[in-house]
Amino acid sequence: QVQLVESGGGLVQAGGSLRLSCAASGRTFSSYAMGWFRQAPGKEREFVAAISRSGVSTSVKGRFTISRDNAKNTVYLQMNNLEPEDTAVYYCAARAALYEGSYYSSSGPYGYWGQGTQVTVSS
């Protein structure tokens with residue numbers, strides 16, 4: 001089992017950058033594929049980025065980059081050139097993955113979720 005705690009959210013002006021962190025408990029972090037999702041008010045949760053155990057990654061926005069540091073049990077989301085439309089609660093998620101190159105871009109496979117961190121981008 002793994003517990004996830006996000007941090008790094010806040011208020012930023014359009015065009016600015018933020019780096020979100022998600023710290024995972026437990027000694028088997030490297031066994032998990034990780035993902036970032038977000039949910040804006042009145043909207044459904046949507047996929048942002050994902051990374052496999054081996055570091056293969058994908059992102060829906062070229063402005064966002066996901067990375068992981070297995071030694072620190074942490075996954076990051078670097079967000080650049082932020083826009084007001086990026087305002088949302090950002091969640092990280094984890095899934096135990098058998099294959100080191102697999103990542104998941106839908107919420108269903110993820111069994112563990114953090115509590116979320118608010119990102120607000122002002123215009």
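Numbers here are sequence positions counted from 1.
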Only one of Gln115, Arg38, Gln39 clears side chain to side chain contact (heavy atoms under 4.5 Å, CB included) with Tyr91; which? Gln39
Atom CZ in Arg53, atom OG in Ser102: separation rounded to 0.5 Å? 9.0 Å
Taking all non-hydrogen atoms of both residues into account, name the closest pair between Tyr90 and Val48 and its distance. CE2-CG2, 4.3 Å
For Ser57 versus Ile66, what's the shortest heavy-atom pair and its separation? CB-CG2, 3.5 Å
Could you measure the distance from the CG atom of Asp69 to the OG atom of Ser30? Nearest 0.5 Å is fine. 11.5 Å
Give a yes/no verdict on a cation-pi contact between Arg68 and Tyr32, requiring under 6.0 Å between NZ or CZ and the six-membered ring centre and an angle within 45° of the axis. no
So, does Ser54 use its side chain to make a donor-acceptor pair with the main chain of Glu100 at under 3.5 Å? yes
Closer than 3.5 angstrom, by distance alone: can the side chain of Thr87 be matched with the main-chain N or O of Val121 as a donor-acceptor pair? yes
For the residue pair Glu6 and Leu20, establish whether any side-chain heavy-atom pair is separated by less than 4.5 Å. no
Residue set satisfying salt bridge (Lys or Arg N to Asp or Glu O under 4.0 Å) with Arg63, at least two apart, ordered chain then number -> Glu83, Asp86
Assigning hydrophobic clusters by single linkage (Ile, Leu, Val, Met, Phe, Trp, Tyr; side-chain heavy-atom cutoff under 4.5 Å), is Trp113 placed with Phe47? yes
Straight-line distance of Ser59 OG to Met79 CE, nearest 0.5 Å: 10.5 Å
Do Arg45 and Phe37 form a cation-pi contact, if we require the NZ or CZ to be under 6.0 Å from the six-membered ring centre and within 45 degrees of the ring's axis? no
Crowded around Gln118 CD? As in, over 12 foreign heavy atoms under 6.0 Å? yes
Start with the C-alpha gap between Trp36 and Phe64, add the side-chain angles, then the distance that decides, and say whether side chain to side chain contact (heavy atoms under 4.5 Å, CB included) holds. CA-CA 10 Å; Trp36 284 98; Phe64 294 0; over 6 Å; no
Report yes if the side chains of Tyr103 and Ile51 come closer than 4.5 Å at any heavy-atom pair, otherwise no. no
Taking every non-hydrogen atom, the tightest pair across Met34 and Ala94: SD-CB, 3.5 Å
Could you tell me whether the side chains of Tyr110 and Arg95 share a donor-acceptor contact shorter than 3.5 Å? no
Euclidean distance, Leu82 CG relative to Lys61 NZ, rounded to 0.5 Å: 10.5 Å
Least distance between heavy atoms, Leu11 atom then Ser122 atom: CD1-CB, 4.3 Å
For the student: nearest non-hydrogen atoms of Pro109 and Ser106, plus distance: CD-O, 3.1 Å
same_hphob_cluster(Tyr112, Tyr76) at 4.5 Å side-chain heavy-atom cutoff: no
Testing the basics here: between Ala24 and Val2, what is the closest heavy-atom pair and its distance to 0.1 Å? CB-CG2, 3.7 Å
